[in-house]
Amino acid sequence: MESMKVADFMNRRPAVFTAKTPIEVAVERLLQTRQRGGPVVDDERRVIGFLSEQDCLATMLRDTYHKEMSANVGDCMFKGEVLSVYANDSITDIAQRMDAKKPKVYPVLDDDNRQLVGVISRTDVLGAIDSYFRDSYRRR
């Protein structure tokens, strides 16, 4: 299973945002892609934050209550160190990191220039492990 890499199972076309993206646009993208959150990138596709469904929900409730709708992703995204993985990381290593207290979606960075190349979710990792066990079972 160590030979299974993140690059083989990641979503290469995730919902991605900039800090200037209006929150309404971000929510629409998350709903269309059924993604639980997405990376926020700068002009060079370097990850500068992460926007979760929870961030969106809190912002939209607050803005609706105050009858405002002017927030941007940069106003409500997580701005700390974003837990990311690399395209060549093994699925096994990522699975071990994904315990209950960790994010459900990880930005995937290129090993060389650390630019965003996709995302991988718990569902993707679970599917990878499932396919490994199914293949192992068939070989018996």
- Item | Linked hydrophobic residues, Phe78 as query - side chain contacts closer than 4.5 Å |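 The other cluster members (ILVMFWY side chains, heavy atoms under 4.5 Å, direct or chained) are Val16, Val41, Val47, Phe50, Val82, Tyr86, Val105, Leu109, Leu116, Val119.
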- Task: State, to 0.1 Å, how close Asn11 and Gln35 come at their nearest heavy-atom pair, and which atoms those are.
- Result: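 Minimum heavy-atom contact is ND2-OE1, 3.8 Å.
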- Task: Tell me, please, which residues at least two apart from Asp112 pass side-chain hydrogen bond (donor to acceptor under 3.5 Å, both in side chains).
- Result: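 Expected list: none.
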- Query: Taking only residues two or more places apart in sequence, or in another chain, which ones meet Thr18 in a side-chain hydrogen bond (donor to acceptor under 3.5 Å, both in side chains)?
  - Reply: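 Thr18: side-chain hydrogen bond (donor to acceptor under 3.5 Å, both in side chains) contacts with Thr21.
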- Query: In the single-linkage hydrophobic clustering (I, L, V, M, F, W, Y; side-chain heavy atoms under 4.5 Å), do Leu31 and Val40 co-cluster?
  - Reply: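 In one cluster with Leu31: Val40, yes.
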- Query: Under a single-linkage definition using a 4.5 Å side-chain heavy-atom cutoff for Ile, Leu, Val, Met, Phe, Trp and Tyr, are Phe133 and Met4 assigned to the same hydrophobic cluster?
  - Reply: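 Yes, it is one cluster - the side chains of Phe133 and Met4 are joined through contacts under 4.5 Å.
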Value rounded to 0.5 Å, distance of [atom1] in [X] from [atom2] in [Y]:
X	Y	atom1	atom2	answer
Ser52	Arg36	OG	CZ	11.0 Å
Asp75	Lys20	CG	NZ	12.5 Å
Asp43	Ile48	CG	CD1	9.0 Å

- Message: Tell me which pairs pass salt bridge (charged side-chain N to carboxylate O under 4.0 Å, His left out) where either residue lies in residues 46-57, with sequence neighbours left out.
- Response: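 Passing the test, one end in residues 46-57: Glu44-Arg46.
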- In sequence, state the C-alpha distance, the side-chain angles, and the governing distance for Arg97 and Asp89, and then conclude on salt bridge (Lys or Arg N to Asp or Glu O under 4.0 Å). CA-CA 12 Å; Arg97 288 189 217 168; Asp89 286 348; 3.7 Å; yes
- Task: May I ask you to check whether over 12 heavy atoms, not counting those of Arg29, lie within 6.0 Å of atom CZ?
- Result: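 More than 12 heavy atoms, drawn from other residues, nucleotides or ligands, come within 6.0 Å of this atom.
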- Above 12 or not: heavy atoms from other molecules or residues under 6.0 Å from CD of Gln54?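 It does not: Gln54 CD has 12 such atoms or fewer within range.
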- Query: Short question: side chain of Lys79, backbone of Gly74 - any donor-acceptor pair under 3.5 Å?
  - Reply: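 Flag set: sc Lys79 to bb Gly74 pair under 3.5 Å.
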- Partners of Asp124 by salt bridge (Lys or Arg N to Asp or Glu O under 4.0 Å), sequence neighbours excluded?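 Once residues adjacent in sequence are excluded, Asp124 has no partner under the salt bridge (Lys or Arg N to Asp or Glu O under 4.0 Å) criterion.
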- List for me each residue that meets salt bridge (Lys or Arg N to Asp or Glu O under 4.0 Å) alongside Arg45, sequence neighbours excluded, and say none if there are none.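 For Arg45, no residue satisfies salt bridge (Lys or Arg N to Asp or Glu O under 4.0 Å) once neighbours in sequence are set aside.
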- Gln96 side chain near Asp93 side chain, heavy-atom distance below 4.5 Å: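 Gln96 reaches Asp93 side chain to side chain.
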- Query: Quick one: are Leu83 and Tyr106 in side-chain contact, heavy atoms under 4.5 Å?
  - Reply: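 Result yes, sub-4.5 Å side-chain heavy-atom pair found.
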